[in-house]
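To keep things clear, I will list the structure first and then write my remarks on it.
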Amino acid sequence: MKNLFQNFSKTILCSLSLLSMSLVSLPKALAEKPKEITIGYLNLVNAQLVTKNLGLVAKEMPGVKINYIKVGGGGDMLRAIAADQVDFGGLGNPPTAIGVTKGLPIKGTMVLNMLDFVEAMVVRTDANIKSFKDLEGKTIAAPFGSTTHYLLLQALKDEGIDPASMKILDLRPADIAAAWARGDIDAAWFWEPNLDKAVKRGGNIFMTSGIMEKRGYPTWDVGVVMNDFAEKYPEYVNKFVKAECDGIDYWIKNPEKTAAIIAEELSLSLDDATRMMKGTEMVPCDKQLTAQYMGTTGKIGGFADTLVKTSKFLVSEKRLPVQLTRTSYERFLDPSYLENVVGK
Amino acid sequence: MKMNKDKTKVNKTTGILRLIPSFMRKRSFGYSMLTVDVLFILWIVLTSTGIADELFLPGPLKVWQAFITVATEGYQGSTLLVHVITSLNRILIAFGIACLIGIPLGILMGASKIARSLLNPLIEFYRPLPPLGLYTLLVMWLGIGEESKLALLFLAALPGLIIATIQAVQNIDPVYLRVARGLGASQKTILFSVYLPAAGPTILAGMRISLGFTYTVLVAAEIVAATAGIGWMIWDAAKFLLSDVVIMGLIVLGLTGVGLDLLMRLIGRILMPWDQRSGSKA
């Protein structure tokens, strides 16, 4: 009887230790490879289209299923992130400021693009708008919560014009193009590829996001990764950043081939694609680590300042409840993946 | 029988109890309040213990604060009252037009086989279409103003009304019609003295369901180019991750829906005192 009991307890002990061993090794085994990853990309003109078209992410991650989801604007992307529907995403600075202030579990890994005239305010030619003052009494559209909505309100504030003196409507880019075609709106600040549709139907560019950058209001899109994913698969974040950096290099080195890719991805003519490309500034990955952009680990660059400025503005607009310090935004920006990729 | 008993009880009650509406004194109301209480306590427990992330489910106090702020200071330029009135306006106009068109059309289709055969394909086809799919087209046709919003709400309200009315008319006891015709009633008399009174209760039930369906598309209708409205407020706040405003908006929206439904039952009881259903279920 005693023997039996001893045997029994031995078996239990053995199986317990085996179990604990497997429990310890389990997360490690999981850490090796995700089954699939989901990339949310913004519907605009940047090198993510090149990376997607050339399958660069798949090249870095053989055996991993890559899902691409097209997202209309920053507001929709925020919701997708809050609902944990993507692993990687892209956000403009206003949605980033909102997400970070609200404590979304995300990290900013790299600069996707700086916004120049790829985002612009188009005005109806016969509406005779020559200055911001002329917008009074007119109907203006912008996707609320996006970079352009932020710039519109910021520009009005700087000119000392009350936004209540005009009708500012929340429309998504595709809806703006449709409403523009019907003649429902006089001006709209949004982005390519839909911006061009408005310009071609009796509009001309009045203001661009590039001009606003020179006035001290840079807008950009930052690549983000979900914290859970980054903790589980840090190596795969490096791989993702590497793939996007390769896409950016390709964009800079092969402008003609890139234009062909963009024309294909967005169903545009080659001329249109070429022109839109010039409106987006791509930053090479080694340059992203300089003080103007991401900066380096321990010395986060200008992006943190833009986030502070953006959130300050959003707080004044009552779109955000509290203003965080620069340190909070520094914690969000994590250039270590870029450093790994560039250092290699 | 049961109703009569309740009524006598109501008549006997005196003093302060008289001020409380009769339905609140019923046992079923107590059970309903129990559900509300349990949900509310669950909400407090989930949020105060930190099981629920505040980003997704803020506590009752936060939602109450959002209510006070929006009610007094407003949300993006309009106070809560303005948002509610704007939305109720849209819903009631669209629903009213839908009733004016849907109920006569339903009576026609219920009474005449030819009318039914002619119109059925149209209604059966668009009824299952998702509102957002329709909306894109409506925006292109009617623009971004009130017209497209009203049209979407109208289209959501219409099929339920028509189908309920057809049912109501078809279920009328043919004896009523034969007697009326035998006594030499004109078409007009038959419509107002036979069809409408006999079909009324079922039509009212259809109206209540249809109003609920109109509510379900309110947020969708206010997504495009609205600057006020409770649906727009919910949509806009979600974009800025203001979940306290979102939940507050949903509660307010739900309460207005309950209020309108009570109102419709009340109207039903006044207009159709012969109907037992609308009264006894309250």
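Per chain, numbering begins at 1; letters A, B, ... match sequence-line order.
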Exercise for the section: Please lay out, stage by stage, how A/Asn93 and A/Thr306 fare under the test side chain to side chain donor-acceptor pair (under 3.5 Å). Expected result: CA-CA 7 Å; A/Asn93 46 313; A/Thr306 311; 5.9 Å; no
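Looking only at heavy-atom pairs under 4.5 Å with chain A, the residue among B/Lys239, B/Met140, B/Glu73 that has the most is B/Lys239. When A/Arg319, A/Lys102, A/Arg182 are compared by the number of non-hydrogen pairs under 4.5 Å with chain B, A/Arg319 comes out ahead.
Taking B/Phe56 as the reference, nothing meets the ring-ring contact (aromatic ring centres under 6.0 Å, His included) condition, with sequence neighbours excluded.
Annotation: the span from A/Thr148 atom OG1 to A/Ile140 atom CD1 amounts to 12.5 Å, rounded to 0.5 Å. Taking OH of B/Tyr215 as the reference point, atom OG of B/Ser87 lies at 8.5 Å (rounded to 0.5 Å). Within the model, atoms CG of A/Leu91 and OG of A/Ser146 stand 12.0 Å from one another, a figure rounded to the nearest 0.5 Å.
Both the backbone and the side chain of A/Ala82 come within contact range of chain B, with heavy atoms under 4.5 Å apart. With a 4.5 angstrom heavy-atom cutoff, A/Ile168 touches chain B only via backbone atoms. Only the backbone of B/Val139 has a heavy atom closer than 4.5 Å to any heavy atom of chain A. Heavy-atom distances place both the backbone and the side chain of A/Asp170 under 4.5 Å from chain B. For a residue to count as touching a neighbouring chain, one of its non-hydrogen atoms must lie under 4.5 Å from one of that chain's; by this rule B/Leu242 touches chain A with backbone and side chain alike.
Aromatic ring pairs are classed by plane angle as parallel below 30°, tilted from 30° to 60° and perpendicular above 60°; the pair A/Phe303 and A/Trp220 is parallel. A/His149 and A/Phe144 have parallel rings, their planes meeting at less than 30° on a 0 to 90° scale where 60° marks the start of perpendicular.
Residues of residues 227-237 of chain B that come closer than 4.5 Å to chain A, counting heavy atoms only, are B/Thr227, B/Trp232, B/Trp235, B/Asp236, ordered by residue number.
A cation-pi geometry, defined here as NZ or CZ lying under 6.0 Å from the six-membered ring centre and within 45° of its normal, holds between A/Lys309 and A/Tyr217.
Between A/Phe132 and A/Phe206, the distance from one ring center to the other falls under 6.0 angstrom.
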